[in-house]
**Q** 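Let me begin by handing over the structure; questions about it come next.
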Amino acid sequence: MIAEVIVDVAAHPIDRPFDYAVPEKFQALTEPGMRVKVPFGNRKVLGFITTIKDTSEFDPKRLKPIHELMDVVPVLNGEMLELAQWMKRQTVCFEIDALQVMVPAALRAKYEKRFVLNAAIDELPKELHPYFGTRDFVRAQEAEAVYGLMKKEMDKGTVLADTNIQQKTGVKKIRMVHITDSAEDIENISIRANAKQQLKLQEFFLKHVGQSFESSQLQKQAGVSLPTVNALAEKGLANFSSMESYRDPSLLTAIEQKIALDLTDEQQTAFDAIQSSLNTEKTFLLHGITGSGKTEIYLQTIAQVLEEGKEAIMLVPEISLTPQMTIRFKERFGDLVAVLHSGLSAGEKYDEWRKIQRAEVKVVVGARSAIFAPFQNLGLIILDEEHESSYKQDDSPRYHARDVAIWRSQQHQCPVILGSATPSLESYARAQKGVYELLALKNRAKNQPLPEVHIVDMREELRTGNRSMFSVELAEAIRERLARKEQVVLFLNKRGYSSFVLCRDCGTVLQCPNCDISLTYHRASERMKCHYCGYDEPVPTTCPECESDHIRFFGTGTQKVEEELAKLVPDARVLRMDVDTTRNKGAHEKILSAFGEGKADILLGTQMIAKGLDFPNITLVGVLSADTTLHLPDFRAAEKTYQLLTQVSGRAGRDVLPGEVYVQTYTPEHYAITLAKDQLYEPFYEQEMAMRRASGYPPYYYVVNIQFTHEDLMTVSGYAQQMTEYLRHRLSPKTIIIGPSASLIARVNNRYRYQCLIKYKNEPKLAEVLQQLIKIYRSDWIKTGATLSIDMNPTTVM
DNA sequence: AGCACGCCGACT
DNA sequence: GTCGGCGTGCTC
């Protein structure tokens, strides 16, 4: 028996199956999709079995045996193994990366080098004795000081080098206490009269003869501590066992079950359309304005799917930001829901994943990677806010959850619903062409009017001498809400901005020494940090250039707004939500629920408040600067701006109170802003499509971004130039190749970055040419320390 | 990627 | 003379 294994080494020459002999003792158990420990070269690595076969092309005498099976039940099923190969082709990634991303991080390998004793300890020099202590191994890291001595022993053979492979986190075990079923024994045991605790526990035991408890529960109920339990156990009154358990991440205690709401006519039409296609592979684009009740359609469709005995995946951009979505799912489906989001620990994610694998849950709500939920009988996949860029992973494997969703829907013959108030141009174009079926919700579910949006020309404000961040109109509106005890959301479009330190004398802005980017000020730690390479340093007291002490924190960020706000409305209670205030676990939820309970008048935040905020008392939304995303050098700048403005505006007036929105901008005539005002998606779509057609970007063209990095500027620009020439010669003349040019952030971590862009409509040779390119890179450039990364269908080209 | 093998400079 | 620098070649 031979197993093909994809080993856990991400490198081009290794990116193919290696054959291993399956030892007799494993043969009955071995299956594709299991993780194995295998010898590879002179070390051991983890790998995934992809195929079992009888014969190998490889010289049978040189086949090595599988060292160990890591699983009893495969962690990946056949569908996932096939999906990994598809992802490898589609995203040009290593197969091992595709396999790893499907498995919870807790199961990924942790490698630790060790020295293992291979002789009696007294054969070793005295200096080494303390390192081994009671065990026969020592972690290499702990023995750095005696590396030379160890090496000598290794030459002698008295010490061996080994790699210990462990998964990161395992199954949580809890200790169970089983009380003996003999009341007599309990009564007759002798306990010293002054051992009060033991006597107390004895009494408890008598009341619960023969019963079992979780150790922690027993201690709580009997009012004793663990040593007391141990003492009685030693006397034979109880024994212990360990039981698998799930970690309980739920902050959502005691959720009341709720029943389905009535659908509006529009919702009903959309629901019916989906329902009649439940057993076909079909993609729906559910285009519903903000507040039109898309979630209710999701919930009822899922209910339908569950009734047919199938399972559903619900993707949300980042669930920790939308606790309300989670709550609604739990209200409707209770324990049948698993939740996967970035706020969970590795162990908690693993437990949720196991519930899915064991078919204990039927619905999973989660972020991007939840698309790999190992359901066997998938009946529906939903991507809410399908236009969100977080659905595409920005490092290898650079997959898009939407593409994976559609692939899985073909496997399972089930529909996909892409929901959005502001669909990506790609999706809407596909709907127009009939590739997806378009379902439209044009009215808000509770029939509230759309909020009234005012566009404020900040150039006018400047002309009239208002240099503050708040226009007169917005300031007035804020005061008005405060007087009416209604709530305000202020949105700072922070992209492109950050809190930096500027010298007021010479204009120097503190830069990262390794990257071409300014350092960001972190108030909590009083340090300057680089968001690209992690470099940090203390905040300087004098300017490093001119030594002036007029150097100060220039907070164009939320903190600065908060200060100005305090001057504007001193009595207002302000909650700030940004990366600084949400660093701790559960901080999002806390801030949001505090705001929901009316503990603050104003919520001030960045991108992260644009979504999911659904509170009835919010009647005013202010966008402080709409322009920051608009002028980014990216083909999606207008689309992003339109989406963001629509999303933020949608936070106002979601209940009975009407909403109002103020959008401050220096370019009030831009179509992304004027059309977002009244949520005129289709005109925006038409106009943006015309722009894309003219400039040759998606959805008219497919795009591939190829990036090179090297520590030497001339080398990398040279490679990029050669590569671009190569592509120009190999690809068809209709394909447009842009560049090479320096990336927007031209240096990160002391490495220079160049990129080139391929824009094509039809390029049958593309895959082949890219493989050739990788070959050239592999055979020559990699040796000089260059890196190459290929991003198929990038979401941004900056 | 990691690790061993292999061939040339600065130290006990 | 040896320790150790990193070039290059392989991994079922």
Side-chain angles (χ1 to χ4, degrees), chain A residues 1-24 26-27 30 32 34-70 81 88 92-101 108-116 125 139-141 143-157 159-166 395-397 709-712 715 749 751 774-790:
Chain A
M1 195 187 227
I2 310 287
E4 287 188 8
V5 174
I6 299 289
V7 296
D8 182 18
V9 177
H12 290 289
I14 317 299
D15 186 31
R16 61 191 174 84
F18 283 80
D19 288 354
Y20 284 89
V22 182
E24 189 67 40
F26 296 150
Q27 290 198 359
T30 309
M34 283 178 168
R35 294 170 305 148
V36 285
K37 209 183 273 188
V38 290
F40 192 68
N42 49 359
R43 61 201 164 122
K44 288 198 178 60
V45 295
L46 214 65
F48 290 86
I49 299 179
T50 52
T51 309
I52 304 280
K53 56 188 185 181
D54 293 326
T55 54
S56 171
E57 306 273 279
F58 195 75
D59 178 2
K61 291 189 286 293
R62 292 173 57 209
L63 274 184
K64 291 182 183 174
I66 288 174
H67 182 74
E68 196 184 326
L69 287 179
M70 300 289 284
L81 294 173
K88 175 181 173 174
V92 197
C93 69
F94 299 126
E95 193 165 341
I96 188 64
D97 284 339
L99 291 167
Q100 296 276 29
V101 80
R108 279 171 225 164
K110 202 176 84 187
Y111 296 90
E112 179 191 78
K113 276 175 249 158
R114 289 173 165 186
F115 297 112
V116 180
R139 280 182 265 273
Q141 224 189 342
E144 259 170 359
V146 287
Y147 230 83
L149 281 170
M150 284 290 183
K151 205 166 180 198
K152 270 191 188 144
E153 295 306 310
M154 277 160 60
D155 292 342
K156 275 197 264 170
V159 165
L160 301 176
D162 186 33
T163 326
N164 181 42
I165 307 176
Q166 272 185 321
D395 53 342
S396 178
T709 78
H710 196 274
E711 54 195 15
D712 180 63
T715 312
N749 233 337
R751 300 181 63 85
I774 290 171
K775 255 190 196 154
I776 299 173
Y777 158 71
R778 247 221 268 169
S779 61
D780 297 327
W781 302 354
I782 196 170
K783 295 189 191 97
T784 72
T787 70
L788 168 92
S789 81
I790 298 176

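Chain naming here is simple, since letters A, B, ... match the order of the sequence lines and numbering starts at 1 in each. The structure displayed is predicted, hence computed values, not measured ones. Both backbone and side-chain heavy atoms feed into the values below; hydrogens, waters and symmetry mates do not.
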**Q** In this structure, how many angstroms lie between the P atom of C:dT8 and the CG atom of A:Asp780, rounded?
**A** 12 Å
**Q** Out of curiosity, A:Asp19 CG to A:Glu57 CD, how far, rounded to the nearest 0.5 Å?
**A** 8.5 Å
**Q** I want to check one thing: is the phosphate of C:dT11, taken as OP1 and OP2, less than 4.0 Å away from some side-chain N or O of A:Arg16?
**A** no
**Q** Taking the side chain of A:Pro13 as heavy atoms from C-beta outward, which of C:dC12, B:dC3, B:dA1 is closest to it?
**A** B:dA1
**Q** Whole-Å distance between B:dA1 P and A:Leu788 CG?
**A** 12 Å
**Q** Examine distances only and state if a side-chain atom of A:Tyr777 and a backbone atom of A:Ser789 form a donor-acceptor pair shorter than 3.5 Å.
**A** no
**Q** From NZ of A:Lys44 over to P of C:dC12, roughly how many Å is that when rounded to an integer?
**A** 11 Å
**Q** Between A:Asn749 (side chain) and A:Arg751 (backbone), is there a donor-acceptor pair under 3.5 Å?
**A** no
**Q** I need the CD1-C1' distance between A:Ile782 and B:dG2, as an integer number of Å.
**A** 13 Å
**Q** What is the distance, to the nearest angstrom, from the CD1 atom on A:Ile49 to the P atom on C:dC12?
**A** 16 Å
**Q** Under 5.5 Å between ring centres and under 30° between planes: true for A:Phe18 and the base of C:dC12?
**A** no
**Q** Please tell me if A:Asn42 has a side-chain N or O lying less than 4.0 Å from either OP1 or OP2 of B:dC3.
**A** no
**Q** Describe the nucleic acid contact of A:Arg43 in one word from base, sugar-phosphate, nothing, applying a heavy-atom distance below 4.0 Å.
**A** base
**Q** How about CD on A:Glu112, more than 12 heavy atoms from neighbouring residues, nucleotides or ligands closer than 6.0 Å, or not?
**A** yes
**Q** For the pair made of CD in A:Glu95 and P in B:dA1, what is the distance, rounded to whole Å?
**A** 18 Å
**Q** Quick one: label A:Phe40 by what it contacts on the DNA or RNA (base, sugar-phosphate, nothing), any heavy atom closer than 4.0 Å.
**A** base
**Q** Taking atom P of B:dG2 as reference, at what distance in whole Å does atom CD1 of A:Ile165 sit?
**A** 12 Å
**Q** Under 4.0 angstrom, heavy atoms only, what part of the nucleic acid is A:Pro17 near: base, sugar-phosphate, or nothing?
**A** nothing
**Q** Measure NE2/A:His67 against C1'/C:dC12 and give the value in whole Å, please.
**A** 16 Å
**Q** Looking at C:dT11, I'd like to know if its phosphate oxygens (OP1 or OP2) sit under 4.0 Å from a side-chain N or O belonging to A:Lys64.
**A** no
**Q** Mind listing the closest non-hydrogen atom pair of A:Ser396 and A:Cys93 along with its distance?
**A** OG-CB, 3.6 Å
**Q** What contact category does A:Ile14 fall into here, base, sugar-phosphate, or nothing, at under 4.0 angstrom with non-hydrogen atoms?
**A** base
